[in-house]
Amino acid sequence: MSIVFVHGWTLGAELFDRVIDGLLEKADGSVNIVSYDVRGHGRSDAGDPGRANLEQLADDLRSVIDACAPHGELIIVGHSMGGMTLLAFAERHRELLEARVTGAVFVCTSPGKMWLPFKRMPGFGAIAPRVLGMGSPSMIRDTRLTRFAVKHSVFGGTARVEDLSETIRQMQSVDKRAFAEYGLSMMQHERDELLPRFDWIRTVVFAGTRDHLTPLRHGRRIAMGIDGAMLVVESGAGHMVPLERPDSLIRELSAMVEESAASDSAARPA
């Protein structure tokens, strides 16, 4: 059994540290945990121009699985852009999804219809690339004003100072070109029709009531589109549920691992 964590736009693998620490305390050593910086973030290079998109991230996820978790069952956890990557993975690597993925966790993410109603505004498609190309979170500084803005736009209005500073540090590590390319890719992301591919996979969807980036309605669409999916609504949480509500993620992931172990035991001959 392996659990693979895929972080979101402008963040890094450290986003899941608190969740992973909690899982390691509960695990018996039989669970392989994989967490990595996606291309253009943290310690991972952006690669060639034009490669920072959800399709490439799905292929990268396949490469990470092949290298770090080549055998056994898989649980994949995707936060924000990482959840969109999981949907693109289902689109591009269906055979692996159906053969090995037994658990999927979508955290503060969306199946599509991002940035509405702005996308419907005349000229938005032409302006968006220029706007994204002009700015980058790599240019921000860890100041009191920045922490205030992050606390109220990314978190749910309350956050520990160390979590704010760590989030800003991760944002500063993003490649400027990759930042813009990912933004455009997410703007084009429309994958509601792929949700039924998870019907036979145990799926949990997390959404925060104060998430301004992927509001609760996006999580509801994911849960409604997957037969048997469980929606966990985190009251008062923003977009950073792995930091704001790590115990909830630890609880659901531990349950998935225990269920898998029980199934394996039941399948074994006496």
Are the side chain of [X] and the backbone N or O of [Y] linked by a donor-acceptor pair below 3.5 Å?
| X | Y | result |
| --- | --- | --- |
| Asn32 | His71 | no |
| Thr109 | Ser80 | yes |
| Gln56 | Ala52 | no |
| Ser63 | Asp59 | yes |
| Ser185 | Glu181 | no |

So do [Y] and [X] actually touch side chain to side chain, heavy atoms under 4.5 Å?
| X | Y | result |
| --- | --- | --- |
| Leu23 | Leu249 | no |
| Phe16 | Val6 | no |
| Val105 | Glu252 | no |
| Tyr36 | Leu61 | yes |
| Met81 | His41 | yes |
| Thr10 | Gln170 | no |
| Val107 | Pro242 | yes |

Measure the spacing between OG of Ser2 and CD1 of Ile33 and express it to the nearest 0.5 Å. 9.5 Å
Which heavy atom of Gly225 sits nearest to which heavy atom of Asp199, and what is that distance? O-OD1, 4.0 Å
Taking NZ, NE, NH1 and NH2 as the nitrogens, is one of them in [X] or [Y] under 4.0 Å from a carboxylate oxygen of the other?
| X | Y | result |
| --- | --- | --- |
| Arg62 | Glu95 | yes |
| Arg221 | Asp192 | yes |
| Arg202 | Glu258 | no |
| Asp142 | Arg169 | no |

Aromatic plane relationship, Phe179 with Trp9 - under 30° parallel, 30 to 60° tilted, over 60° perpendicular: parallel
Between Phe106 and Phe198, what is the ring plane arrangement, given parallel below 30°, perpendicular above 60°, and tilted in between? perpendicular
Shared hydrophobic cluster for Leu96 and Val101 (ILVMFWY, side-chain gaps under 4.5 Å): yes
When the aromatic ring centroids of His79 and His239 are compared, is their separation below 6.0 Å? yes
Where do Arg18 and Leu243 land on the side-chain contact (heavy atoms from CB on, under 4.5 Å) test, with the steps shown first? CA-CA 7 Å; Arg18 201 168 292 154; Leu243 289 176; 4.1 Å; yes
